[in-house]
Amino acid sequence: MIKAGIVGGTGYTGVELVRILSAHPQVELQWLTSRSEAGTPVADIFPSLRGVTNLVYQDFGDDNLKMMSACDVVFFATPHGVAMKQAEDLVKAGVKVIDLAADFRLQSLQEFETWYNHSHACPDLLKSAVYGLPEVNRKRIANAQVIGNPGCYPTTAILGMKPIIDNQNQTGTALIDKRIVIDAKSGVSGAGRQASLALNYAETTDNFKAYGVAGHRHLPEIEQGLSLILNSQFDHKIRFVPHLVPMIRGMLSTIHLELTEQGKQVDWQQAYEEAYQNEVFVDVLPSGSVPDTRSVRASNKMRIAIVQNNERAELTILVVQDNLVKGAAGQAVQNMNSLFALPETVGLEIVPVVP
Ligand SMILES: NC(=O)c1ccc[n+]([C@@H]2O[C@H](COP(=O)([O-])OP(=O)(O)OC[C@H]3O[C@@H](n4cnc5c(N)ncnc54)[C@H](OP(=O)(O)O)[C@@H]3O)[C@@H](O)[C@H]2O)c1
């Protein structure tokens with residue numbers, strides 16, 4: 001059995017990890033932390049977990065290394081800046097680290113420090129950390145010590161663009177115009193389980209707004225995704241605007257592209273179907289379909305639809321996922337499965353919840 005621990009077990013991604021890991025046949029969840037709820041049984045905070053786990057929240061402080069080192073893998077479902085302070089000691093102790101925050105996502109130290117306004121505690125380890133997007137990076141993930149689990153929006157953007165970038169790289173031809181517009185919407189759980197005026201029921205319900213319009217931290221991660229992770233040989237200019245929608249979970253990213261004359265020659269529906277035919281967690285919908293967030297709720301599935309209009313030279317890619325599952329905890333478990341040589345699907349064959 002894989003011995004696992006979770007730092008940050010009261011947050012939305014933390015509790016989602018508990019839900020998924022408790023049903024995982026190869027995992028024994030040993031402990032989880034919360035500074036604010038130390039000593040409280042998990043099921044007292046989340047009645048959904050009554051009868052699922054008897055664990056009690058542990059405090060998180062300097063003396064946790066012994067507890068953490070007894071694990072095979074530690075998940076950090078915390079804000080950025082937490083995992084980086086523990087990761088070196090954990091790696092020395094032979095423990096695998098999966099950070100759901102941004103400490104190990106951006107390979108450029110300068111980009112990290114600029115966007116997160118935080119100096120990096122272990123730049124050397126950052127160099128060997130692997131970006132945990134299995135559909136792109138699974139060979140490297142299998143041998144990693146530290147995984148930077150991708151951001152939710154970048155997961156939709158990178159997998160939403162992958163067949164196009166791969167196709168351009170293979171043909172050496174620009175198939176889309178440089179300018180890429182990503183118009184993305186997230187449910188409110190994307191902001192975490194925090195008390196804040198902007199996230200009050202009366203502020204978020206029956207309301208719809210953009211945020212991070214002038215620049216969002218996921219932009220450099222999406223740019224890195226296209227340039228380094230997908231190795232694009234072409235220069236793209238990305239305009240990314242996220243929005244908050246009045247739903248609890250779910251994410252829809254609409255990617256607007258302009259096709260070049262060569263790009264119009266490609267049947268993109270077929271190209272996407274072929275690209276993802278062996279990917280269990282990426283479902284390319286039949287032509288003419290439009291994906292909705294409900295069709296992936298609580299599951300690790302991403303669904304993609306393609307709308308090609310050659311007369312207008314338009315290609316529109318619609319991508320949905322559950323921000324807390326494929327966008328966070330589910331993807332983290334998919335990565336864990338690879339780290340321990342298990343099939344990626346173990347513990348993740350969850351049917352979406354409808355209605
Ligand atoms: N929500 C999403 O849809 C989503 C998607 C992808 C990635 N992420 C990323 O995943 C991470 C967790 O997100 P979340 O939405 O689950 O956040 P959250 O709901 O705000 O939960 C944060 C958790 O971390 C703990 N924590 C906070 N500061 C800490 C510190 N300094 N040291 C140790 N523990 C600390 C909190 O508990 P205590 O304060 O009681 O210790 C809490 O359990 C974030 O980095 C987020 O950007 C989130």
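Ligands are counted one by one from 1 in listed order, and the atoms in each one are counted from 1 as well. Along the sequence shown, the residues carry numbers beginning at 1. All values below were derived from every heavy atom in this structure, side-chain atoms included, with hydrogens, water molecules and symmetry-related copies excluded.
- Ligand 1 lies nowhere less than 4.0 angstrom from a heavy atom belonging to Gly151.
- With respect to atom 33 (C) of ligand 1, the closest heavy atom belonging to the protein is Phe60 CD2, 3.4 Å.
- Both the backbone and the side chain of Ala101 come within 4.0 Å of ligand 1, counting heavy atoms alone.
- Using a 30° and 60° split on the angle between ring planes, Phe240 and His218 fall in the parallel class, below 30°.
- Ranking protein heavy atoms by distance to atom 3 (O) of ligand 1, first place goes to Asn323 ND2, 2.8 Å.
- Nearest non-hydrogen protein atom to atom 48 (C) of ligand 1 is Thr13 CG2, 3.6 Å.
- When non-hydrogen atoms are compared, ligand 1 lies under 4.0 Å from the backbone of Ser189 (N, CA, C, O) but not from its side chain.
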Q: Go through the steps for Phe104 and His80 under the test ring-ring contact (aromatic ring centres under 6.0 Å, His included), then give the verdict.
A: CA-CA 9 Å; Phe104 297 101; His80 66 272; over 10 Å; no
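- Ile182 pairs in a side-chain contact (heavy atoms from CB on, under 4.5 Å) with only one of the listed residues (Ile222, Leu219, Ile317), which is Ile222.
- Taking any N or O of Ser34, backbone or side chain, at least one lies under 3.5 Å from an N or O belonging to ligand 1.
- Below 4.0 Å from some heavy atom of Ala77 lie the following atoms of ligand 1, by number and element: 12 (C), 22 (C), 23 (C), 24 (O).
- Ring planes of His236 and Phe234: tilted class, angle from 30 to 60°.
- The distance from ligand 1 to the heavy atoms of Thr10 drops below 4.0 Å at these ligand atoms: 36 (C), 37 (O), 40 (O), 42 (C), 43 (O).
- Between Ala328 and ligand 1, not a single N/O pair is under 3.5 Å apart.
- A donor atom on one side chain and an acceptor atom on the other are found under 3.5 Å apart for Glu28 and Gln30.
- At distances below 3.5 Å, at least one donor-acceptor pair connects side-chain atoms of Ser108 with backbone N or O atoms of Glu111.
- Looking at Gln308 and Asn310, their side chains do bring a donor and an acceptor atom within 3.5 Å of each other.
- Here the side chains of Glu258 and Ile176 are not in contact, with every heavy-atom distance at 4.5 Å or above.
- No hydrogens or angles considered: a donor-acceptor pair under 3.5 Å links the side chains of Glu135 and Gln334.
- Ring geometry, Phe208 versus His243: the interplanar angle falls from 30° to 60°, so the pair is classed tilted.
- Residue contact check: Gly8 has heavy atoms under 4.0 Å from atoms 23 (C), 24 (O), 25 (C), 43 (O) of ligand 1.
- Val91 and Leu339 end up in different hydrophobic clusters when Ile, Leu, Val, Met, Phe, Trp and Tyr side chains are linked at under 4.5 Å.
- When non-hydrogen atoms are compared, ligand 1 lies under 4.0 Å from the backbone of Arg193 as well as from its side chain.
- The option with the heavy atom closest to atom 35 (C) of ligand 1, from among Arg105, Gln86, Arg35, Glu16, is Arg35.
- Taking a cut-off of under 4.0 Å to the non-hydrogen atoms of Gly9, the atoms of ligand 1 that pass are 43 (O).
- Scanning Leu100, Thr78, Thr40, Asp322 for the heavy atom closest to atom 45 (O) of ligand 1 points to Thr78.
- Atom 15 (O) of ligand 1 has Gly192 CA, 3.1 Å as its closest protein atom, hydrogens excluded (heavy atom only).
- Here the straight-line distance linking atom CZ of Phe60 with atom CD of Gln86 works out to 4.0 Å at 0.5 Å rounding.
- Within a 4.0 Å radius of atom 21 (O) of ligand 1, the protein contributes one or more non-hydrogen atoms.
- Contacts between Gln331 and ligand 1, counted as non-hydrogen atom pairs separated by less than 4.0 Å, are absent for every part of the residue.
- Listed by number with element, the atoms of ligand 1 under 4.0 Å from a non-hydrogen atom of Gly327 are 5 (C), 6 (C).
- Close contacts of ligand 1 with Leu324, meaning ligand atoms under 4.0 Å from a residue heavy atom, involve 1 (N), 2 (C), 3 (O).
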